[in-house]
Asks: 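The structure that follows is given in the form of structure tokens.
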Amino acid sequence: ISRAFLNYTTTQFDSFILTRSPLSSVIILPFYKIFGYSIDLARSVNIIISTATTPLLFILLSNVFKYNNKECLRISLLYALYPPSIFYSSLILSENLAAFLSIIVCYRLLKVIKNWSFYNLLFLGISLGLLTLTRSSNYYLIIFIIIGLYTLEKIKIKFLFKKSIIIFFA
């Protein structure tokens with residue numbers, strides 16, 4: 001898709017429009033414009049996104065879940081050394097971006113639960129939209145994130161469902 005955008009042709013783009021989620025290609029496109037088309041460049045962008053996921057996970061665990069630094073480091077290293085995480089980081093796939101955005105959605109959802117404001121809802125909506133543009137099947141991931149956060153944080157279920165219904169239908 002990025003190459004079709006780069007060459008301004010619609011024939012290649014039309015064949016992918018219904019089968020591929022566009023966000024990862026749109027992120028790679030500016031790099032193609034600046035540095036020229038290269039498979040290694042696309043791989044490098046995916047490696048950067050995959051590498052940025054580990055510190056973001058550390059921040060989520062320490063700031064939101066209040067784990068100590070030693071626990072956060074162990075969990076982050078476990079993610080960084082997880083074989084599929086290493087394997088997928090060098091491939092041109094949307095899994096790296098989906099993992100990155102899933103952590104952002106988790107963080108934003110906890111922010112909304114703790115502080116119900118328009119600002120937090122806006123950024124949660126943007127994060128969910130970007131996650132859906134990465135992989136359309138991730139639209140339903142929010143249900144499992146809510147169940148997981150309820151289990152981890154012992155959030156009041158009535159409050160969560162009242163607020164999440166507004167998020168789903170907004």
Side-chain angles (χ1 to χ4, degrees), residues 1-65 72 75-112 120-149 152 164 167-170:
I1 294 174
S2 296
R3 191 168 192 173
F5 279 134
L6 182 65
N7 295 331
Y8 300 106
T9 62
T10 58
T11 55
Q12 294 172 346
F13 181 69
D14 289 341
S15 65
F16 289 111
I17 198 149
L18 295 176
T19 59
R20 300 225 359 126
S21 300
L23 188 62
S24 58
S25 299
V26 170
I27 287 176
I28 294 171
L29 177 66
F31 294 98
Y32 283 168
K33 285 282 196 185
I34 295 169
F35 301 109
Y37 178 76
S38 169
I39 296 295
D40 292 333
L41 179 65
R43 284 187 182 138
S44 299
V45 171
N46 272 345
I47 289 170
I48 291 169
I49 291 170
S50 180
T51 304
T53 304
T54 304
L56 187 65
L57 181 62
F58 184 90
I59 291 168
L60 175 74
L61 293 171
S62 65
N63 292 343
V64 178
F65 290 111
C72 294
I75 295 169
S76 297
L77 282 175
L78 183 66
Y79 173 78
L81 299 175
Y82 183 56
S85 176
I86 296 169
F87 177 72
Y88 286 133
S89 68
S90 63
L91 299 176
I92 306 170
L93 299 171
S94 60
E95 278 77 5
N96 301 321
L97 187 58
F100 182 78
L101 289 172
S102 295
I103 292 172
I104 290 176
V105 164
C106 239
Y107 178 76
R108 282 289 155 200
L109 185 62
L110 284 168
K111 285 286 199 182
V112 165
N120 287 334
L121 273 177
L122 177 70
F123 283 106
L124 175 62
I126 290 170
S127 303
L128 279 170
L130 291 174
L131 183 62
T132 302
L133 284 173
T134 303
R135 298 180 62 84
S136 57
S137 61
N138 285 337
Y139 182 74
Y140 301 106
L141 182 66
I142 187 72
I143 296 167
F144 298 107
I145 291 174
I146 289 172
I147 291 169
L149 293 177
L152 291 173
S164 63
I167 294 169
F168 285 134
F169 296 108

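None of these values were measured; they are calculated from a predicted model.
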Asks: Identify the two heavy atoms, one from Val45 and one from Ile28, that lie closest to each other, and give their separation to 0.1 Å.
Replies: CG1-CG1, 4.1 Å
Asks: Check whether Thr134 reaches the backbone of Leu130 with its side chain - one donor and one acceptor, N or O, closer than 3.5 Å.
Replies: yes
Asks: How far apart are the closest heavy atoms of Ser50 and Ser89, and which atoms are they?
Replies: OG-CB, 3.4 Å
Asks: Nearest heavy-atom pair of Pro55 and Ala52: which atoms, and what distance?
Replies: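 Nearest pair, atom of Pro55 first, then Ala52: CD-O, 3.4 Å.
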Asks: Considering non-hydrogen atoms only, spot the tightest contact between Ser38 and Tyr32 and give its length.
Replies: O-CE2, 3.6 Å
Asks: When rounded to the nearest 0.5 angstrom, what distance separates OG1 in Thr53 from CG in Leu60?
Replies: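 One finds 12.0 Å between OG1 of Thr53 and CG of Leu60.
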Asks: Taking all non-hydrogen atoms of both residues into account, name the closest pair between Leu131 and Ser102 and its distance.
Replies: CD1-OG, 3.7 Å
Asks: Which heavy atom of Leu121 sits nearest a heavy atom of Val112, and at what distance?
Replies: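 Looking at all heavy atoms of both residues, the closest pair is N-CG2, 3.8 Å.
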Asks: Could you tell me if the side chain of Ile75 sits less than 4.5 Å from the side chain of Tyr79, heavy atoms only?
Replies: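 No - every pair of side-chain heavy atoms lies 4.5 Å or more apart.
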Asks: Can you find a pair of side-chain heavy atoms, one from Ile49 and one from Ile27, that are under 4.5 Å apart?
Replies: yes
Asks: As an exercise, state the distance from SG of Cys72 to CG of Leu77, rounded to the nearest 0.5 Å.
Replies: 11.0 Å
Asks: Can you tell me how far CG of Leu29 sits from CD1 of Ile34, rounded to the nearest 0.5 angstrom?
Replies: 9.5 Å
Asks: Using side-chain heavy atoms (C-beta onward) and a distance below 4.5 Å, is Leu23 in contact with Leu101?
Replies: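 Yes, side chains in contact.
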Asks: Nearest 0.5 Å please: distance from the CD1 atom of Ile59 over to the CZ atom of Phe65.
Replies: 14.0 Å
Asks: Indicate yes or no for a side-chain donor-acceptor contact from Asn96 to the backbone of Tyr88 under 3.5 Å, with no hydrogens or angles considered.
Replies: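 Yes.
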Asks: Rounded to the nearest 0.5 Å, how far apart are CG of Leu122 and CD1 of Ile126?
Replies: 4.0 Å
